[in-house]
Amino acid sequence: MRKTSSMLGMAAAGAVVLYGAYSYLQRRKEKQTNEIINDIMKEMEDANVFIRDPVGLREKLKAFLEGGAEKMQCIADFDGTLTRGSFKGEKAHSSFAVVARSALLPEDVEKKEKELQAKYYPIERSSDKTEEEKFKAMTEWWKGIFEILEEGGFQKQMIPEMVKNGTSVLREGGLYFLQRLDKEKIPLLVFSAGIGDIVQEVFVQQAADSTSKLLDNITIISNYIKWDNEGNMEGIKGDILHSSNKGEFPAPLNYKDAVKGRNNILLLGDNFGDAEMLNCVENAETSLNIGFLNDNVNELRKNFEQLYDIVVVDPESMTLVSVLLMKLLDKK
């Protein structure tokens with residue numbers, strides 16, 4: 001009996017020691033997590049960064065730190081998000097402008113493209129227009145630009161030179177961001193309402209692997225050109241994807257397979273409609289939305305803060321986002 005009581009006492013004492021050790025490790029882990037979050041929040045103490053809900057952001061950062069790379073996926077817009085909003089003091093080319101403003105096409109193509117932009121861009125960026133008004137206008141804009149490019153003689157073989165001579169350039173810090181995602185095998189869904197053929201060529205020229213191929217972790221949803229046997233444009237493949245209908249396009253099956261169990265989503269955009277990219281994924285648990293506000297800051301800031309956890313007013317750099325990613329993955 002005395003022996004049994006002694007054994008029970010030893011077991012109880014052992015349990016207390018184990019619980020104490022577990023509690024210590026948990027407190028230590030929580031302290032480390034809070035220190036990393038504090039460090040991240042300090043990085044964002046910048047006049048060009050706006051955070052509407054700091055408490056909510058801290059909770060999201062905690063979920064990302066706890067989940068690690070294995071639970072993460074990234075969904076990003078392309079034009080003005082992964083690429084710069086401005087370049088050398090001028091508005092940077094979108095994937096459409098790379099083509100329309102190329103010297104390889106007739107001058108009237110650029111003139112017509114600029115006329116469309118002058119008419120429809122203010123509607124796209126307006127905080128007063130309804131979703132229905134924007135949807136109608138964006139449909140007209142995208143149909144118009146594709147017609148102009150086809151009538152202007154756009155050819156497949158022109159693409160490498162157009163991209164080389166254009167100003168669709170990855171943001172400062174963008175190459176690190178892409179390479180780090182690839183290194184950690186974090187799937188990246190690039191959701192572009194631009195021209196997919198141009199998007200892919202920008203990646204190949206500016207962020208390819210050693211074999212000049214697209215990084216393995218990247219999947220692109222975009223408007224791809226339909227080419228005839230001679231490489232001449234003859235429309236686009238499938239339905240038009242524009243800035244106001246991203247929520248209607250599902251992710252490809254191969255991407256859905258790649259992100260099973262990855263319920264923490266890092267979403268990057270520069271427009272109102274980009275927040276809807278989240279609709280293409282299933283079983284999202286935590287979404288950390290970062291918005292780049294490239295223009296009309298005073299008019300659009302409040303609206304952006306309703307859609308994005310972090311609003312960055314910087315048309316050229318994404319260094320802050322790259323630093324955030326590094327701290328989330330390195331956990332230090």
Side-chain angles (χ1 to χ4, degrees), residues 37-54 56-58 60-61 64 74-98 117 121-122 124-127 166-181 188 190-194 199 202-203 206-207 243 246 265-275 277 287-329:
I37 292 173
N38 290 338
D39 196 19
I40 292 173
M41 298 299 287
K42 189 173 182 179
E43 291 282 352
M44 297 184 191
E45 292 177 358
D46 188 297
N48 294 323
V49 178
F50 300 98
I51 300 169
R52 181 178 56 85
D53 181 11
L57 175 58
R58 292 181 69 93
K60 292 189 176 187
L61 292 172
F64 271 74
C74 181
I75 303 175
D77 171 56
F78 184 75
D79 290 323
T81 299
L82 293 177
T83 62
R84 305 180 189 214
S86 65
F87 183 69
K88 294 183 178 180
E90 296 184 3
K91 183 175 176 61
H93 286 165
S94 66
S95 53
F96 285 111
V98 165
Q117 184 179 55
Y121 185 72
E124 181 186 41
R125 301 296 280 178
S126 172
S127 58
T167 63
S168 179
V169 180
L170 292 176
R171 283 177 175 263
E172 180 183 348
L175 182 58
Y176 170 85
F177 181 81
L178 295 172
Q179 290 177 337
R180 187 65 194 268
L181 289 177
L188 168 60
V190 177
F191 213 131
S192 172
V199 172
V202 170
F203 280 134
Q206 301 179 28
S243 59
K246 287 189 172 183
I265 296 143
L266 179 61
L267 184 146
L268 310 179
D270 78 315
N271 214 330
F272 297 116
D274 290 335
M277 297 186 296
S287 171
L288 177 56
N289 297 357
I290 301 177
F292 292 97
L293 184 49
N294 296 321
D295 56 28
N296 299 356
V297 176
N298 293 332
E299 178 188 347
L300 302 179
R301 174 187 157 189
K302 294 299 181 184
N303 300 84
F304 263 57
E305 287 181 335
Q306 297 301 314
L307 299 171
Y308 297 102
D309 301 296
I310 303 169
V311 177
V312 181
V313 180
D314 190 332
E316 297 193 9
S317 175
M318 63 183 300
T319 300
L320 177 71
V321 180
S322 294
V323 170
L324 184 150
L325 179 68
M326 178 182 67
K327 291 183 178 296
L328 289 176
L329 295 175

Taking the side chain as everything from C-beta on, heavy atoms only, tell me whether [X] gets closer than 4.5 Å to [Y].
X      : Y      : result
Phe177 : Arg171 : no
Arg180 : Ser322 : no
Met277 : Lys246 : yes
Phe78  : Val202 : yes
Pro315 : Arg84  : no
Leu324 : Ile310 : yes
Leu175 : Gln206 : no
Phe64  : Ile40  : no

Over all atoms of both residues, closest heavy-atom pair of [X] and [Y]:
X      : Y      : result
Met318 : Gly173 : CG-C, 3.9 Å
Ala193 : Ser243 : CB-N, 3.9 Å
Ser168 : Val98  : CB-CG2, 3.6 Å
Ala207 : Leu178 : CB-CD1, 3.8 Å

- request: Please step through side chain to side chain contact (heavy atoms under 4.5 Å, CB included) for the pair Leu266 and Leu328, ending with a clear verdict.
  value: CA-CA 11 Å; Leu266 179 61; Leu328 289 176; 5.9 Å; no
message: Please evaluate residues Asn48 and Asp314 with respect to the criterion side chain to side chain contact (heavy atoms under 4.5 Å, CB included), reporting the C-alpha separation (whole Å), side-chain torsions for both, the decisive distance (0.1 Å), and the verdict.
response: CA-CA 7 Å; Asn48 294 323; Asp314 190 332; 5.5 Å; no
- prompt: Stepwise, does the side chain to side chain contact (heavy atoms under 4.5 Å, CB included) test hold for Leu320 with Val312?
  reply: CA-CA 9 Å; Leu320 177 71; Val312 181; 4.0 Å; yes
With rounding to the nearest 0.5 angstrom, report the [atom1] to [atom2] distance, [X] to [Y].
X      : Y      : atom1 : atom2 : answer
Phe191 : Asp274 : CZ    : CG    : 9.5 Å
Phe96  : Gln117 : CZ    : CD    : 11.0 Å
Ser287 : Ile75  : OG    : CD1   : 7.5 Å
Asp295 : Lys91  : CG    : NZ    : 6.0 Å
Ile290 : Leu325 : CD1   : CG    : 9.0 Å

statement: Result for side chain to side chain contact (heavy atoms under 4.5 Å, CB included) between Thr81 and one of Leu267, Asp270, Asn294 points to Asp270
field: Result of checking Leu57, Leu268, Ile265 against Leu288 for side chain to side chain contact (heavy atoms under 4.5 Å, CB included)
entry: Leu57
Kindly say whether [Y] contributes a backbone atom to a donor-acceptor pair with the side chain of [X] at under 3.5 angstrom?
X      : Y      : answer
Lys327 : Asp39  : no
Asn289 : Asp309 : no
Arg58  : Asp53  : no
Glu43  : Val323 : no
Ser86  : Gly89  : no

Give the table of side-chain donor-acceptor pairs shorter than 3.5 Å for residues 300-308, with sequence neighbours excluded, one pair per line with atom names and distance.
unit_1, atom_1, unit_2, atom_2, d
Arg301, NE, Glu305, OE2, 3.2
Tyr308, OH, Asn271, O, 2.6

message: Phe292: which residues meet the ring pair (Phe, Tyr, Trp, His ring centres under 6.0 Å) condition with it, sequence neighbours left out?
response: none
